[in-house]
Amino acid sequence: MYKLVKNALKDIDIKLYSFTRSEDCEMPCIVLNYMSTPYWFADNENKGETYTVLLNVITKSNVEKLNREVLNAMKKAGFKYGECQNTQVEYNGTQVIGFNTAIKFKKFIKEEELL
């Protein structure tokens, strides 16, 4: 999944992390999390899975612009829905260090494409 998302976001010059980001990460950045659900069965075998992909878009400025770029790039790559959640303020103690918007996508992938 990391490769699919990285390829989808290749035109956006931004660091992509899997599952978590380091304390000293550069901003803006995107943190990728995902889960899969077996979806399509034939002859008692799994033929494909539906993935729920969660991208946390973290930036210090231009929140809406970056979110729109991510939404457009992911949709262009075949990811569906692009459901944005409320942007949250990120703090380092009492100091605001950035803004975090979670964007959720769905994608169906056939079993042979996963290998």
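Note: hydrogens, waters and symmetry copies are ignored here, and every other heavy atom, side chains too, is used. Source: prediction; values computed, not measured.
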**Study point:** Residues R68, E64: salt bridge by 4.0 Å N-O rule
**Key:**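 Result for this pair is no, no salt bridge flagged.
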Review point. Which value, rounded to the nearest 0.5 Å, describes the distance between K75 atom NZ and K80 atom NZ?
Key: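 Atom-to-atom, K75:NZ and K80:NZ are 10.0 Å apart.
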Review point. Can you tell me how far the NZ atom of K76 sits from the CG atom of N72, to the nearest 0.5 Å?
Key: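 If I round to the nearest 0.5 Å, the distance is 9.5 Å.
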**Study point:** Set of side-chain contact (heavy atoms from CB on, under 4.5 Å) partners for K15, sequence neighbours left out
**Key:**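 So K15 forms a side-chain contact (heavy atoms from CB on, under 4.5 Å) with Y17, C29.
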Point to revise | For K6, side-chain contact (heavy atoms from CB on, under 4.5 Å) partners two or more places apart | key: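 side-chain contact (heavy atoms from CB on, under 4.5 Å) list for K6, sorted by chain: Y2, L16.
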Practice item. Report the relative orientation of the aromatic rings in F105 and F79; use parallel for angles under 30°, tilted for 30 to 60°, perpendicular for over 60°. Key: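 Geometry flag for F79 against F105: perpendicular rings.
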Could you state whether [X] and [Y] fall into the same hydrophobic cluster, counting links through intermediate Ile, Leu, Val, Met, Phe, Trp or Tyr residues with side-chain heavy atoms under 4.5 angstrom apart?
| X | Y | answer |
| --- | --- | --- |
| I30 | L71 | yes |
| Y81 | M1 | no |
| L54 | L4 | no |
| V31 | M27 | yes |

Check your understanding: Side-chain contact, heavy-atom cut-off 4.5 Å: V89 with F99?
Key ->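 Contact flag for V89/F99 side chains = yes.
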Exercise for review: Would you check if V53 and K104 make a side-chain contact, meaning some heavy-atom pair closer than 4.5 Å?
Suggested key: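 In short, these two side chains do not touch, never coming nearer than 4.5 Å.
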**Study point:** Shortest non-hydrogen contact from A73 toward A8
**Key:**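 That closest heavy-atom pairing would be CB-O, 3.4 Å.
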Check your understanding: Which atoms form the tightest heavy-atom contact between P28 and I14, and what is the distance?
Key ->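 So the minimum-distance heavy-atom pair works out to O-CG1, 3.4 Å.
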**Study point:** Verdict with supporting geometry, T50 and S36, side-chain contact (heavy atoms from CB on, under 4.5 Å)
**Key:** CA-CA 6 Å; T50 298; S36 65; over 6 Å; no
Check your understanding: Going through the distances and angles, do T52 and M35 end up as a side-chain contact (heavy atoms from CB on, under 4.5 Å)?
Key -> CA-CA 5 Å; T52 301; M35 65 180 199; 4.1 Å; yes
Exercise for review: In sequence, state the C-alpha distance, the side-chain angles, and the governing distance for L9 and E69, and then conclude on side-chain contact (heavy atoms from CB on, under 4.5 Å).
Suggested key: CA-CA 9 Å; L9 300 174; E69 288 176 7; over 6 Å; no
Review point. Partners of E90 by side chain to side chain donor-acceptor pair (under 3.5 Å), sequence neighbours excluded?
Key: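 With sequence neighbours excluded, E90 shows a side chain to side chain donor-acceptor pair (under 3.5 Å) to R21, N100, given in chain and number order.
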Practice item. Among N56, N86, N67, find the one that has a side chain to side chain donor-acceptor pair (under 3.5 Å) with T101. Key: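 That would be N67.
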Check your understanding: Which one of I103, I12, V63 satisfies the side chain to side chain contact (heavy atoms under 4.5 Å, CB included) criterion with V57?
Key ->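 Testing V57 for a side chain to side chain contact (heavy atoms under 4.5 Å, CB included) against I103, I12, V63 leaves exactly one candidate, I103.
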Check your understanding: side-chain contact (heavy atoms from CB on, under 4.5 Å) between I97 and Y91: does it pass, once the steps are laid out?
Key -> CA-CA 5 Å; I97 60 168; Y91 294 97; 5.9 Å; no
